Structure formats: C-alpha cells, structure tokens
Amino acid sequence: MIDNQLVRCLNLTVMEKILREILKKAVNAQYAEVSIEIEIPKEEGFGDLSTPIAMGLAKPLKKPPRKIAEDIVNSIENKEIFEKIDIAGPGFINFTFSKRYLCDELKELIEKQDNFLIEDIGKGKRVQIEFVSANPTGPLHLGHGRGAALGAALSNLLTEAGYRVEREYYINDAGRQVRLLGMSVLAKYKQLIGIEYPFPEDCYKGEYIEDLAKEFKESQESRVKSQELKDEELLEEITDFAYKKMLDAIKKDLADFGVFFDSWQSEKVLYEKGEVVQAINDLKKRGYIYEKEGATWFKSTEFGDDKDRVIIKREGDYTYFAPDIAYHRKKIEKGFDEIIDIWGADHHGYVPRMQAVIQALGYPKEHLRVLLVQMVTLLRGGKPVQMSKRAGEFITLREVMDEIGTDTTKFLFLTRRADSHLEVDIEVAKAQSSENPVYYVQYAHARINSIFEKARQEAIGYRQEVIDFNGELFNEEEIRIIKKLLLYPMMFRNAAIAHEPHRITFYLQELAGMFHPYYHKHRVVSEDLEITKARLALCKAIQIVLRHGLKILGVKAPERM
RNA sequence: GCGCCUGUAGCUCAGUUGGAUAGAGCAACUGCCUUCUAAGCAGUGGGCCAGGGGUUCGAAUCCCUUCAGGCGCGCCA
C-alpha cells in the first residue's frame, strides 16, 4: 500500500509513481505491493524527502539494504527534478529537489494562490459539525470557548478541503436545566418584589441570575401581569424569558468571538414536532425497543454498549437520551455523508450509545464521528478555579476575550490537540498576551504587507499578478523557505484528514519563524531590481500561505500592527 | 472495581501515524532599533520522552504491566 497521507506536496504523486515503477522492476513480483513510505526528514542534511523502503525490503529480499537502495536509485529515470539522490545511514534514500523545480512550483503557488494550497478531499460531500451546544442556562465559560474555536476551525478546514459544511448548535431548551434556570430567576424575582421565597437547592447562583430577574421585572412584569399569575404560570413565563435571554447572550458571545452557525436546532421543537415520538417508533419498528420494569428501553447492547438505556422512565417522562436520539435521527435524515459531534470529554461515556443509535438506524457507526475536547482546567495565579454555573463561580469566555482579545484566545486553544488536557492560568494568559505567539504569525503577515508598500513607494514596478523572477537568484535561506511553503499542501491535507486544525497553527508558527530571521538578515526591496523581484515573489507566496492558514483558524491577518 | 484521556525542558505544549542527533513558545541570562515595523533578531543554559518489560533493522510513537493525574460509569442533564 502506498502511504497516501504522506504523498502529495512537491509533486509527490510523481515521485510515488516513479518509486513504484522502480520497485516493480527492481523487486520480485511478490514484493511489488510493498508499502512505500515517504517522509520528511528532520535533519536538513538528509534531503527534502526520504524513504526507508530499502530497509523494509532487506529481509524479504535477503540482501543488504544499502545494496537494494543502490539498485533502486540506479533505476530512477527522470532524475532532473532532483538536485541529488543520496543513500545514507542504514539504507535511507534521500531526495533533494532541484532549485529549478522548486521555483517552478513557487510560481505555480503564486499563480494559483489558494488553489495550490488546498486539496479537494471532500469532493462535495456534505458534513455537519455540531459544536458548543451549551445549555442556555448561563454565559459561555472558557471550556465552551475551546469547543467553539475548534469547531469553527474544523469547519473552515473541511470547507477548504472541499466539503459542504453545516455548522449546528443544539439548544437544550426543554430539559430540567432550563427549568432550574427559571426557578432560580423566579426565586430572585420574588425576593426583588419583597416576597419571602426560598432559593431552591441546586439552583444557579451567578450574578446573571439577579440581572435576569431585574430585567424581567422591568420589561415583562406589566405585560404578563405577574402579580396575578400563579407561581406555576409565572415560572413558565420566567423560564421562557430567561433562557431566551441567555441564548441571545450566547449568540452575542459567539458572534464577537467570530464563531457562526448555519443552524440552531431546538430540543423543544423536536418535541413539538413529534420527532421524539417518531424516532422511538422508528426504533421500535426496527426491533430495538422493549419494555421492562415499567420503563421503555433502547437495546444499545446490540451494538456494543455496556448496557441498555432507558428512554422513557417509569413515571412516563423522557430521559435526556430520547430527544438526543431524535436529534441524531434528524441529522441522518438531512442526508449528511458524515456527522461530526464535538463534545466535552466529560460526555465520552455517551459515545457508544450514540453510535448504537446510528447503527440501529441502519448506518455504520463511523457515520457519526465524535471529537472529544478535553477539559480546560482553570487556574488563577496557580490555584485551580472551580467551574460551576450552579455555584456561580466560573470564568466566562467573554471575560477572557475582552481581556486578551479574540485572536489570542483562539490561538490559545488551537495550539493544542483536542485530546490534550489544557491548563490555563488566567493570570499567565493575561501577562503573556502581549507576547503571544499569535502576534508572531500576524506580525509576519503585517511585515510583508509593509514590504509591498515600500516596493510601491520605490516605484519598483512590481505587479502582484505578474510572476516574473529569476529563481537562480535565491539563496540558501530562501530555498529553505520555499521548501517550507511547498509543504503546506501536505500539511493541510493531513490536518483535514485527521480533523486536527492545530497542525496549521504549528505550521504557521514555523513559517513565521523562518520569515522573521530572513527579514532581519536580508533586505527585500533594494537597488538590485532582479533580486528585489525574486524576493517580492517569495514574500508574496509567504503571505498567501499565512493568510490561508489564519483564515482557517479564524484569526485575523492584519495589514499592519 | 470497570472504561476513556493524559504523562515529553522549570512552565504551557508540538512531535509529520514506526525512522536518522527529541523540538517550539514562555520563563532565565548576554547582546542588537539613523534601514522594508524591536509584537522582531542573534546567542547561552536546560531531557532517564513517568518506571519496567516486550515486538524489530529502528520505539516518545505499537503491545503488556506498574505508578500518577483528569473525566466518566443513573429511570440526572
């Protein structure tokens, strides 16, 4: 098998073909289907690309790996795209591309722009990504921010990779949590109008509860004639008011964070449209529903779950799981080719039962891909901060956003793998905000911009759309940067396949880390017109790549800083 | 007790899905602004990849095991 994931950039497809042809010639037929791995060596001295293929063949062929490597190299035909091909160490074959070839690719990058960078791996497939989906019972906290940043970046990434993406937020507006919110606000409201009213256990306690109560009093009291209502009716009014207010606040937070959704699916609406009942009937028809001890169960063990799950309690209420079934059935019916849920890792126990639902409905469990985002542990000056809406003690996304900025906040989340536990010390984050890596990347972009301004002032006559430069003029450092640029498509592809936007973040830092020293050392706009043109072309390419990466991350690419 | 995630520099984290001498940013210390932006650059120090076994040409990466931390194991949501 050819390792497709690694094969792409620097026209690797060509190389893959070459190597495979060669192998067929060089190796017995029975070994022709051997795995061809192609990698990027860590050490620069080992060329631009490398294959350990000879070592893998040593045993079956019963020949020394270096000898096999020699045979392979000798039978390579179109060597002109390479500057050299070395055999190194125990039998690595190292390929170094020619300047000529690299410059041709660079030109193509500048001409095709984003189209050079992306690869259509989605082929128009429709995918839905559901993320955040925080209960509308309080403001978003920092943990939600992580999900938001990831979901948005992944959506962008997959969109660029040729998928048709729908971003959805599932609103839990029907359950106990929302009722608790209503009760909390009701109690506060009663207290506000001077009525002795117990503040129930388990209720939400944040300051925002009081704000909601006040707001209700000011704007709704007269309308609903609350004095005349029974407590139960009043609770309904208040609950409705409160969660809608919270949802608006959440939408505002997300919009200010630069995160947008195409679809907002209400749990309540699922009930109202009878979709919960339909979903259960559907499963019943398929034979996965049964009654036991007065309750209604879903036979999730049929598909590998630990135990069967109750969907209708003995008292007749639905469990939380029931609307979730309806919700996922709805996703399926919308006809997506793939469904992605981004959940907090504390919900990981629900993955098997949800995938059981998918399978019960006749789809492979891979149809639903659940990405678990690990917990964000919050510290303040080294001490852990408990995150609890009920206790009313938590750090909001808004707070952090306002303090250190949206770009910095996003970058903070996107420089981590989703499944790494994340520790954020809010004091440290604030202290470091002015030296955050995000600025390093943005600064590179802004600097390039001012280079072009300079070029315009100097009347160099450079037109961004005209790519006319002499590649022979590039020095070592410039060649290194070009190689890095040409790696972007492979990195992009791998990030998209793995659903890991953080790879882009790291790549951008590396690229910026090559540009800044280069900038410092070499003047781009100089009296030598030919060199200037070549360097401007390089800068243009860097800017194209930076812009594309930042776009995916949802981070601004400023013209100046 | 069972399951999932994690353990890499003082701190926060990468490590191209098994490759060659393990990287970056902070923090610490030394230098550099009449030049296209110093949110930058140059340099120094810092490691038993949690421990132990195994698999093979080759392991931070795969398997087993021990330890440590986080999170789950409801007719809660």
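This is a predicted model, so every value here is computed, not measured. Below, chain A is the first sequence line, B the second, and so on; all start at residue 1.
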Item to check | Verdict with supporting geometry, A:L546 and A:Y488, side chain to side chain contact (heavy atoms under 4.5 Å, CB included) | outcome: CA-CA 10 Å; A:L546 288 175; A:Y488 186 91; over 6 Å; no
Would you kindly say whether [X] and [Y] are connected by a side-chain donor-acceptor distance under 3.5 Å?
X      : Y      : result
A:H548 : A:E160 : yes
A:Y290 : A:D308 : yes
A:D407 : A:Q442 : yes
A:E267 : A:Y327 : no

Base, sugar-phosphate, or nothing: which does [X] touch, judged by heavy atoms less than 4.0 Å apart?
X      : value
A:P52  : base
A:H516 : sugar-phosphate
A:T415 : sugar-phosphate
A:Y320 : base
A:E293 : base
A:N94  : base
A:K454 : sugar-phosphate
A:L422 : sugar-phosphate
A:A444 : nothing
A:H522 : base
A:R309 : nothing
A:Y519 : base
A:A345 : sugar-phosphate
A:K42  : base

Is any side-chain N or O of [X] closer than 4.0 Å to OP1 or OP2 of [N]?
X      : N     : result
A:R447 : B:A39 : no
A:S420 : B:A14 : yes
A:Y488 : B:U16 : no
A:K313 : B:C76 : yes
A:R417 : B:C5  : no

From [options], pick the nucleotide closest to the side chain of [X]?
X      : options             : value
A:E43  : B:G25, B:C36, B:U21 : B:U21
A:Y439 : B:U6, B:G25, B:A39  : B:A39
A:E315 : B:C75, B:A20, B:C41 : B:C75
A:T319 : B:C5, B:C75, B:C71  : B:C75

Taking the [atom1] atom of each, how far is [N] from [M], in whole Å?
N     : M     : atom1 : answer
B:G46 : B:G10 : P     : 11 Å
B:G70 : B:G52 : C1'   : 24 Å
B:U34 : B:U17 : P     : 47 Å

Both distances under 3.5 Å, Watson-Crick or G-U wobble: report the partner of [N], or none.
N     : answer
B:C36 : none
B:G1  : B:C73
B:C49 : none
B:A20 : none
B:C67 : B:G7
B:C41 : B:G31

Item to check | 4.5 Å side-chain heavy-atom contact, A:I451 and A:L536 | outcome: yes
Checklist entry - Do A:M183 and A:L235 come within less than 4.5 Å of each other through their side chains, counting heavy atoms only? => result yes
Checklist entry - Salt bridge or not for A:D240 and A:K268, using N-O below 4.0 Å? => result yes
Checklist entry - Would A:Y440 count as stacked on B:A39 if the rule is ring centres under 5.5 Å and plane angle under 30°? => result no
Could you check how far [atom1] of [X] sits from [atom2] of [N], rounded to whole Å?
X      : N     : atom1 : atom2 : value
A:Y518 : B:U35 : OH    : P     : 19 Å
A:L412 : B:C11 : CG    : P     : 18 Å
A:H348 : B:C5  : NE2   : P     : 8 Å
A:E435 : B:A28 : CD    : C1'   : 13 Å
A:R353 : B:C4  : CZ    : C1'   : 14 Å
A:I40  : B:U17 : CD1   : C1'   : 13 Å
A:F46  : B:U16 : CZ    : P     : 18 Å
A:D346 : B:C73 : CG    : C1'   : 13 Å

Checklist entry - Less than 3.5 Å between a donor and an acceptor, one on the side chain of A:T505 and one on the base of B:A14, is that the case here? => result no
Checklist entry - Between the base of B:G72 and the side chain of A:H347, is there any donor-acceptor pair under 3.5 Å? => result no
Checklist entry - Can you check B:C67 for me, syn or anti if syn means within 90° of 0? => result anti
Checklist entry - For B:U61, does the O4'-C1'-N9-C4 (purine) or O4'-C1'-N1-C2 (pyrimidine) torsion place it in syn, i.e. within 90° of 0, or in anti? => result anti
Item to check | Check: A:R146 side chain, A:Q374 main-chain N or O, donor-acceptor pair, under 3.5 Å | outcome: yes
